[in-house]
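Values below: all heavy atoms of this structure, side chains included; hydrogens, waters and symmetry mates excluded. Protein chains get the first letters and strands the later ones, always in sequence-line order, with residue 1 at the start of each.
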2 protein chains.
Amino acid sequence: MKFTEAQQEFIQLWGNFGSQWGINKTMAQIHALLLTSEHALSTDDIMETLEISRGGVNTNIRELIVWNLVYKTGKPGDRKEFFVAEKDIWEVAKRITRERQRREIEPLMHHLNRLKNVDEADRQSLDFVKTVTDIERLVGKMNKASETIMKMEENAFFGSIIRLLK
Amino acid sequence: MKFTEAQQEFIQLWGNFGSQWGINKTMAQIHALLLTSEHALSTDDIMETLEISRGGVNTNIRELIVWNLVYKTGKPGDRKEFFVAEKDIWEVAKRITRERQRREIEPLMHHLNRLKNVDEADRQSLDFVKTVTDIERLVGKMNKASETIMKMEENAFFGSIIRLLK
DNA sequence: CATTACTTTCAATAATTATTGAAAGTTTTA
DNA sequence: TAAAACTTTCAATAATTATTGAAAGTAATG
């Protein structure tokens, strides 16, 4: 299999999985393209490769920058902006986790916590509070687990450095 | 805060988070309703409470049954079907994990694995294969971690039984 | 076996979400 | 400072996804 062919498939794959997980398909595709591009790309490069409008590229790139997955670069002798993606997958995962934490998990936890203030004492209400509490615990654990995985990988990295130094 | 009010909010909350995570909003709402209902509900009960059509209730309930989150019951002297949700949140999480594993993670892993067959040996291709391999590893770890959490909870449960028996 | 009481399907439609592209805005250059 | 080279915005539109509701299907009843 040739690289360009594999890259095209990867872009499609990433786009589809992105939208399955509530992430804009185009954003995911741009991310996939940059993730597998050796050099920084310009807006026009991305427009051409993915066949999307200038506006689309701009909006989605800017969102990727907010997520801290992509950053701008310049090229000497060229006025336009070029874009590069963070390539270390564990770093990518960490940043996605961080952003989802901030945008989704925290508000969810806050709302759930509020719902525990049911002041009736019948079976129904007590069960309800238990359910909500259990969900809170579950979400909390899931969240901590993903953080732990990222940290583990960090330690694995430093661990291998330390081994090299021995 | 009164139970019914809290339940309404919970249904909305669950629906919104569901759609953020690629799950049909109505399906998530029906699930939330059943999860916090003391008794089994009929199609008409759900239609009335959530103000959705008969077709909508039917389709989404059937999907919840496929996910193994809801099952049918009968009531003596009544011809219609009634529906109940699995109430144990850890069991719920286990079943959702299982289903997503089957529907999303496995196909993703399969596709990624195929993409490692890039046969060129230039920098670009080697980097690409590394990226894909890293993603595979990451997804694998995330997946194993969620399984582990569910098992831990199972052990916590049996552990407390054992402690009770001592 | 025909009537009633339900459940299921799915074409039509509504609601939502994504995308375009041209105009406005900004920065650089000469 | 005016023109050129680019970036950003956002109203209009396209594409996708969800929802309805009525007709067809199925099973129980008398």
Q: Just how far, in rounded Å, is C1' of D:dC6 from CD1 of A:Ile61?
A: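 Checked: the CD1 to C1' distance equals 15 Å.
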Q: Less than 4.0 angstrom from a charged side-chain N to a carboxylate O is my criterion; do A:Lys94 and A:Glu91 meet it?
A: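 Answer for the salt bridge query: yes.
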Q: Using a cut-off of strictly less than 4.0 Å, decide whether A:Asn58 has a side-chain nitrogen or oxygen near OP1 or OP2 of D:dT8.
A: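 For D:dT8, OP1/OP2 do have a side-chain N/O of A:Asn58 under 4.0 Å.
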Q: Could you write nucleotides 13-30 of chain D as a row of B, S and -, 5' to 3', where a protein heavy atom under 4.0 Å of any base atom gives B, of only sugar-phosphate atoms gives S, and otherwise -?
A: ------SBB------BS-
Q: Using a heavy-atom distance cut-off of less than 4.0 Å, which residues of residues 36-47 of chain A contact DNA chain D?
A: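 Under 4.0 Å from DNA chain D: no residue of residues 36-47 of chain A.
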Q: Once salt bridge (Lys or Arg N to Asp or Glu O under 4.0 Å) is applied, what residue pairs with a partner in residues 139-149 of chain A remain, sequence neighbours excluded?
A: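 Sorted result for residues 139-149 of chain A: A:Lys141-B:Glu153.
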Q: Charged N to carboxylate O under 4.0 angstrom, B:Asp127 versus A:Lys87?
A: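 Looking at B:Asp127 and A:Lys87, the cut-off is not met.
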Q: Please list all pairs meeting salt bridge (Lys or Arg N to Asp or Glu O under 4.0 Å) that have one or both residues in residues 31-43 of chain A, counting only residues at least two apart or in different chains.
A: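 Checked against salt bridge (Lys or Arg N to Asp or Glu O under 4.0 Å) - neighbours excluded - no pair reaches residues 31-43 of chain A.
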Q: In this structure, how many angstroms lie between the C1' atom of C:dT7 and the CD atom of B:Glu81, rounded?
A: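 Distance, rounded to whole Å: 7 Å.
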Q: Report the distance from atom CZ of A:Phe82 to atom C1' of D:dC6, rounded to the nearest whole Å.
A: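 Value for this atom pair: 12 Å.
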Q: Quick one about A:Glu99 and A:Asn68 (side-chain donor to acceptor, distance below 3.5 Å, no hydrogens or angles considered), yes or no?
A: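 No donor-acceptor contact under 3.5 Å links the two side chains.
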Q: Specify the separation, in whole Å, of atom CD of B:Glu63 and atom C1' of C:dT8.
A: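 Those two atoms, CD and C1', are 15 Å apart.
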Q: Under 3.5 Å, side-chain donor or acceptor atoms of residues 17-32 of chain A against the rest of the protein: list the pairs with distances, not counting sequence neighbours.
A:
unit_1	atom_1	unit_2	atom_2	d
A:Ser19	OG	A:Gly15	O	3.3
A:Ser19	OG	A:Asn16	O	3.1
A:Trp21	NE1	B:Glu104	OE1	3.3
A:Asn24	OD1	A:Thr26	N	2.8
A:Asn24	OD1	A:Met27	N	3.2
A:Gln29	NE2	A:Gln12	OE1	3.4

Q: Give me each pair satisfying salt bridge (Lys or Arg N to Asp or Glu O under 4.0 Å) with a member in residues 58-76 of chain A, each pair once, sequence neighbours excluded.
A: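 Pairs touching residues 58-76 of chain A that pass the test: A:Glu63-A:Arg103, A:Lys72-A:Glu81.
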Q: Could you tell me how far apart B:Lys75 (NZ) and C:dA5 (C1') are, to the nearest whole angstrom?
A: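 Roughly 17 Å, once rounded to whole Å.
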Q: With a 3.5 Å cut-off and no angle check, do the side chains of A:Asp134 and A:Thr131 form a donor-acceptor pair?
A: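 The answer is no; no qualifying pair exists.
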